[in-house]
Amino acid sequence: MVSMSQAIEIQAVSKRYGQLQALDQVSFTVAPGEFFALLGPNGAGKTTLISAMAGLGRPDSGSIRIMGHDVQRDFRQARMALGVVPQELVFDPFLSVRETLRFQSGYFGLSGNDAWIDELLFKLGLSDKAHSNMRALSGGMKRRVMVAQALVHRPPVIVLDEPTAGVDVELRQSLWAFVQELNRAGHTIVLTTHYLEEAEALCSRIAMMKKGRLIALESKDKLLAHSARREVALKLSAALPAALAARVLREEEQRVVLELADLSELEGVLAALREAGVEVRELNVVEADLESVFVKMMNGGAA
Ligand SMILES: Nc1ncnc2c1ncn2[C@@H]1O[C@H](COP(=O)(O)OP(=O)(O)O)[C@@H](O)[C@H]1O
Ligand SMILES: [Mg+2]
């Protein structure tokens with residue numbers, strides 16, 4: 001069955017490398033036009049999942065469709081619909097930038113693609129590097145060529161695998177501006193990163209992977225509301241006033257840990273303590289960490 005309603009449809013995908021379960025029953029969908037973030041620490045399985053989307057590194061089970069095309073059964077059409085900016089810089093050092101992009105066009109059976117190649121070079125600030133050999137480019141410039149390479153066949157779906165790891169601020173910003181422009185033009189974007197700020201700034205929905213599993217998937221707005229949450233650990237001169245009992249998350253050693261929906265609630269807590277004549281001996285505010293926020297939301301059924 002071909003379902004065209006989703007740009008990406010990942011269904012129960014699993015993959016092992018020997019004893020290691022690199023992907024464990026991963027399922028999610030990305031809608032056309034979405035800007036989607038895939039977050040997770042190193043080793044979470046992000047790159048393995050992206051390889052599977054590109055029809056490489058065949059999964060042990062499960063299926064993936066890109067714009068309705070199954071990546072195994074319908075490899076060419078699925079691959080035509082997808083542009084991948086790889087995490088590793090892979091290039092032929094003896095080709096020039098333009099040759100690299102022509103070669104990639106040939107891979108997709110596109111000849112006479114130079115007008116589009118020129119446009120890509122221009123938009124990515126590579127016009128004056130068209131004749132440079134790949135090996136002569138800086139890391140940041142090579143990264144730009146990887147982006148251009150992913151776009152030679154004008155794919156509707158673009159996946160960027162940690163494109164800003166080790167990239168300078170200027171390139172990071174121009175890259176984001178460019179990717180946002182692509183998104184506004186209707187391209188579906190999937191970005192993997194381990195920077196939450198990046199995901200927050202750009203994406204409308206955020207998924208998190210850990211040890212091969214999808215542990216959370218949430219809209220950015222819900223996530224932000226939850227991540228404003230803080231914990232405050234207090235060491236007090238006397239017992240906690242009853243008025244604050246509902247806030248208690250846990251007690252550890254001589255401290256009591258209270259929950260704040262956001263930092264502005266701290267004032268009310270301190271006022272309640274003052275009123276009850278309880279002195280604060282120590283106070284420590286901790287930001288909610290993303291993973292615990294995610295997991296809590298999942299358990300609470302908010303996702
Ligand atoms: N070709 C491979 N052979 C064996 N193990 C691999 C291979 N590729 C990735 N892995 C392992 O699979 C896990 C997921 O890796 P990866 O998909 O690269 O994670 P991420 O991109 O989230 O950092 C890691 O533990 C990694 O060491
Ligand atoms: Mg990776």
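Just follow the structure's listing: the first ligand is 1, and inside any ligand the first atom is 1.
Each of the following atoms of ligand 1 lies closer than 4.0 Å to a heavy atom of Thr47: 17 (O), 18 (O), 20 (P), 21 (O). Close contacts between ligand 1 and Pro41 involve ligand atoms 22 (O) [criterion: under 4.0 Å to a heavy atom]. Near Ala22, with a cut-off below 4.0 Å to any heavy atom, the atoms of ligand 1 are 12 (O). Within the listing of ligand 1, atoms 19 (O), 20 (P), 22 (O) sit less than 4.0 angstrom from a heavy atom of Ala44.
No salt bridge links Glu218 with Arg205; every basic N to acidic carboxylate O contact stays at or beyond 4.0 Å.
Angle subtended at the Mg ion (ligand 2) by Thr47 OG1 and Gln87 OE1: 80°, rounded to 10 degrees.
For ligand 1, the polar-atom distance check against Thr48 finds a nitrogen or oxygen pair separated by under 3.5 Å.
When hydrogens are left out, the protein atom nearest atom 1 (N) of ligand 1 is Tyr17 CE2, 3.7 Å; that is the closest non-hydrogen contact. Nearest non-hydrogen protein atom to atom 19 (O) of ligand 1 is Gly45 N, 3.1 Å. Counting only heavy atoms of the protein, atom 11 (C) of ligand 1 lies nearest to Leu20 CD2, 3.4 Å.
Inclusion of Thr48 in the first shell of the Mg ion (ligand 2) is not supported: no N, O or S atom falls under 2.8 Å.
Summarising the local packing, CZ of Phe75 is surrounded by more than 12 heavy atoms from other residues, nucleotides or ligands at distances under 6.0 Å.
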(request) Decide yes or no on side-chain contact (heavy atoms from CB on, under 4.5 Å) for Asn284 and Val232, but give the supporting numbers first. (result) CA-CA 6 Å; Asn284 204 349; Val232 57; over 6 Å; no
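Looking at Arg135, its side chain does come within 3.5 Å of a backbone N or O of Pro93 through a donor-acceptor pair. At least one donor-acceptor pair under 3.5 Å links the side chain of His187 to the backbone N or O of Pro155.
Note that atom 17 (O) of ligand 1 has protein non-hydrogen atoms nearby, at separations under 4.0 angstrom.
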